[in-house]
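Side chains are part of it too, since the values below use all heavy atoms of this structure and drop only hydrogens, waters and symmetry mates.
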Amino acid sequence: MLVDSHCHLDFPDLVGRLPEVLQRMRENQVALAVCIGVNLEDFPKVLALAEAQPNLYATVGVHPEYTDVEDPDLERLLALAEHPKVIAIGETGLDYYWQKDKPEWQRERFRTHIRAAKACGKPLVVHTRESAVDTLRLLKEEGADAVGGVMHCFTESWDIARQALDLGFHLSFSGIVTFKNALIVKEVAQKCPLDRMLVETDAPYLAPVPYRGKQNEPAYVRHVAEEIARLRCLSLEEVARATTTNFIRLFKIPVTGRSS
């Protein structure tokens, strides 16, 4: 079976056809998916999806791109993370692509998330875009290696990957790994230890080949795993088994929470 470790099923394009999305997951042996929280205002919708479906989980956090939203404090994150279906803190991190002035508020928000993860003992879901050096620096300064987590939709160099791995983080690969010109991502997917790798869609974004340019969905994580298998000269079953085992171990998913 496969796991989509990062998707946004609460977004309008997907939640409006949720029965179809869930059915296509089943047809493609995608047994579990994580609905990622990106702001506190919409978190109730994310959690409701996870509560309603045994094979869906949630995270809680505020994405670094979001500015005009509630800024979480430590107590608020910890309270929301108590729910058993909330398996991680995030999506959090740094994004200097949209915030080119590299604002200090973004770094402080990231630190708050790291501290919350350490306090509740749940891993981090980290977003980094044009900010890898600062992202790694803050993770080190705040002792994020105590809980670990995942560098989601990883697109950085092998040098950055190695530093993240040294901090105890996993690397998650999205549909970008299937893109013809994504040579750096393909290289990292080849070199990443198999026991530290996850797969994701980031749906509804970043649909893999052969659906590139169309709306993404969790069922398509199969194409991500197939490309990684091709790059590493492994079978799809080997990649699926490894990435699913990694997911269950990292996020402490009980066996009884799995759905086939």
Ignoring hydrogens, what is the shortest heavy-atom contact between [X] and [Y]? Give both atom names and the distance.
{"X": "Gly175", "Y": "Pro208", "value": "CA-CB, 3.8 Å"}
{"X": "Leu198", "Y": "Leu250", "value": "CD1-CD2, 4.1 Å"}
{"X": "Ala144", "Y": "Ile114", "value": "CB-CG2, 3.9 Å"}
{"X": "Ser5", "Y": "Ile36", "value": "O-CD1, 4.1 Å"}
{"X": "Leu56", "Y": "Cys35", "value": "CD1-SG, 4.3 Å"}

When hydrophobic residues are tied together by side-chain contacts of less than 4.5 Å, even through go-betweens, does [X] share a cluster with [Y]?
{"X": "Met197", "Y": "Ile184", "result": "no"}
{"X": "Val199", "Y": "Leu194", "result": "yes"}
{"X": "Leu78", "Y": "Val60", "result": "no"}

Got a salt bridge between [X] and [Y], using NZ or NE/NH1/NH2 to carboxylate O under 4.0 Å?
{"X": "Glu108", "Y": "Arg111", "answer": "yes"}
{"X": "Glu70", "Y": "Arg76", "answer": "yes"}
{"X": "Glu227", "Y": "Arg230", "answer": "yes"}

Heavy-atom distance under 4.5 Å between the side chains of [X] and [Y], does that happen here?
{"X": "Val34", "Y": "Phe247", "result": "yes"}
{"X": "Leu124", "Y": "Leu139", "result": "yes"}
{"X": "His6", "Y": "His127", "result": "no"}
{"X": "Tyr66", "Y": "Leu40", "result": "no"}
{"X": "Pro218", "Y": "Leu22", "result": "no"}
{"X": "Leu167", "Y": "Lys140", "result": "yes"}
{"X": "Thr201", "Y": "Val224", "result": "no"}
{"X": "Glu226", "Y": "Val239", "result": "no"}

Query raised in the report: With sequence neighbours left out, what residues match Thr128 under side chain to side chain donor-acceptor pair (under 3.5 Å)?
Result: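 Expected list: Ser131, Thr135.
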Report summary line: side chain to side chain donor-acceptor pair (under 3.5 Å) filter on Asp195, not counting sequence neighbours, yields none
Query raised in the report: Under the 6.0 Å and 45° cation-pi test, does Lys100 pair with Tyr97?
Result: yes
Please check if the side chain of [X] supplies one atom and the backbone of [Y] the other of a donor-acceptor pair under 3.5 Å.
{"X": "Thr92", "Y": "Gly61", "value": "no"}
{"X": "Arg232", "Y": "Gln190", "value": "yes"}
{"X": "Thr112", "Y": "Leu74", "value": "no"}

Query raised in the report: Does NZ belonging to Lys252 count more than 12 external heavy atoms closer than 6.0 Å?
Result: yes
Query raised in the report: Would one find more than 12 heavy atoms of other residues, nucleotides or ligands at under 6.0 Å from atom CH2 of Trp105?
Result: yes
Query raised in the report: Atom SG in Cys192, atom CE in Met151: separation rounded to 0.5 Å?
Result: 12.0 Å
Report task. Hey, could you give me the CG/CE distance between Asn55 and Met25, rounded to the nearest 0.5 Å? Result ->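 Rounded to the nearest 0.5 Å, the CG-CE separation comes to 5.0 Å.
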Query raised in the report: side chain to side chain contact (heavy atoms under 4.5 Å, CB included) between Val185 and Phe154: does it pass, once the steps are laid out?
Result: CA-CA 7 Å; Val185 180; Phe154 196 81; over 6 Å; no
**Report entry** With Val86, the side-chain contact (heavy atoms from CB on, under 4.5 Å) member among Leu80, Leu47, Leu77
**Finding:** Leu47
Requested in this report: Could you point out which residue of Leu14, Leu9, Val30 forms a side-chain contact (heavy atoms from CB on, under 4.5 Å) with Glu217?
Outcome: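 When side-chain contact (heavy atoms from CB on, under 4.5 Å) is applied between Glu217 and each of Leu14, Leu9, Val30, only Leu14 qualifies.
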Requested in this report: Go through the side-chain N and O atoms of Gln23 and Arg26 and say whether any donor and acceptor fall under 3.5 Å apart.
Outcome: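 Judged by distance alone, the side chains do pair up.
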Query raised in the report: Do His63 and Asn39 have a side chain donor and acceptor closer than 3.5 Å?
Result: no
Report summary line: Applied to residues 211-241, the ring pair (Phe, Tyr, Trp, His ring centres under 6.0 Å) test, sequence neighbours excluded, yields Tyr211-Tyr220, Tyr211-His223
Report task. Show your working on side chain to side chain contact (heavy atoms under 4.5 Å, CB included) between His8 and Asp202 and close with a plain yes or no. Result -> CA-CA 7 Å; His8 301 279; Asp202 203 12; 3.1 Å; yes
Requested in this report: Quick one: do Arg107 and Glu104 satisfy salt bridge (charged side-chain N to carboxylate O under 4.0 Å, His left out)? Show the steps, please.
Outcome: CA-CA 5 Å; Arg107 291 186 284 273; Glu104 181 59 26; 2.9 Å; yes
